[in-house]
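Presented below is the structure to which this report refers.
Atoms within each ligand, like the ligands themselves, are counted from 1 in listed order. Given the structure is predicted, the values throughout are model-derived calculations rather than measurements. The figures that follow rest on heavy atoms only: side chains count, while hydrogens, waters and symmetry mates do not.
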Amino acid sequence: MVIFYTIAELRAYLSERKNLKRSLVPTMGNLHAGHLALMKQAKANSELVVATIFVNRLQFLPHEDFDSYPRTWDDDVEALSHAGCDVLFAPNEAELYPEPQTYKVLPDAKMADILEGEFRPGFFTGVCTVVVKLFQIVQPDVAVFGKKDYQQLAVIRAMVRQFALPIDILAGETLRADDGLALSSRNRYLSADERQQATVLSQTLRAMADAAQAPSVDVKKIEADALQAMRDKGWQPDYLTIRTQQGLQAIDPLTRQPWVVLGAAKLGKTRLIDNLEF
Ligand code: PAF
């Protein structure tokens with residue numbers, strides 16, 4: 001695996017390998033088995049796998065964990081080199097944002113100002129801006145994003161479609177611990193006690209999906225009951241909701257299209273998100 005820190009060096013290397021089908025797996029580092037599965041998927045669908053590690057300040061609100069976001073460089077490099085990654089691009093902030101990034105991608109509010117976007121205003125502008133910039137730099141044929149960040153994947157897919165970017169977006173399945181907790185870099189913030197309780201989120205989503213299978217389903221009640229149940233267990237949920245997989249809009253129980261249940265909730269100081277398609 002070769003590592004580049006500058007756009008110029010990366011571009012020079014890639015320009016000599018134009019004939020190889022190129023994939024991109026963008027990350028913020030602190031890699032876990034979920035990321036490595038994305039890497040595997042990239043490997044299976046291309047001839048040259050490029051991973052990026054960049055903790056993108058633009059997608060963090062001032063009170064969020066940008067400064068404390070886990071940075072585990074040595075472990076990440078070791079893991080990537082064993083996961084079949086060919087090229088690692090790891091720019092610093094001055095390289096990717098040499099001047100204030102005043103030109104930004106503004107995703108459709110209908111998709112980006114709901115759910116995560118409601119509780120983290122500007123988050124998807126930050127994500128889309130850095131992703132488009134990485135797409136421009138790497139010019140991949142294929143890019144892989146995890147379904148764990150379900151709304152992010154949907155927003156990026158829509159961006160790629162609307163800007164006619166010639167990139168195939170592949171979705172990686174969410175990896176879970178044995179007790180059902182979705183793997184996430186932020187799990188490492190959990191205390192031992194919180195880690196035990198953390199399964200409540202995926203269990204609640206599962207219970208909501210089960211309840212929604214009933215012939216006459218009252219979605220509002222399922223959502224309200226779930227919010228209350230999590231509050232009773234000491235969580236602070238932001239949202240627990242059942243949406244259409246396509247567009248993440250409120251569902252009409254009469255037109256039974258594919259649904260997804262999505263949730264975000266804080267346990268102590270740690271905010272976890274998860275989802276389940278059904
Ligand atoms: O999912 C992430 O880790 C980030 O949002 C991404 C896509 C790497 C953009 O910074």
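- Using a cut-off of 4.0 Å between Lys/Arg side-chain N and Asp/Glu carboxylate O, K220 and D225 are scored as not salt-bridged.
- For R195, the salt bridge (Lys or Arg N to Asp or Glu O under 4.0 Å) criterion is met by D179, not counting sequence neighbours.
- Salt bridge R17/D86: absent, no basic N to carboxylate O contact under 4.0 Å.
- Rounding to the nearest 0.5 Å places CG of L96 at 6.0 Å from CG of L134.
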Are there any N/O pairs under 3.5 Å between ligand 1 and the protein, and if so, what are their distances?
unit_1, atom_1, unit_2, atom_2, d
ligand 1, 1 (O), Q152, NE2, 2.9
ligand 1, 5 (O), Q59, NE2, 2.9
ligand 1, 5 (O), Q152, OE1, 2.7
ligand 1, 10 (O), Q59, OE1, 2.7

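- Ring planes of W259 and F278: perpendicular class, angle over 60° (limits at 30 and 60°).
- A salt bridge does not link R120 to D238: none of the charged nitrogens lies less than 4.0 Å from a carboxylate oxygen.
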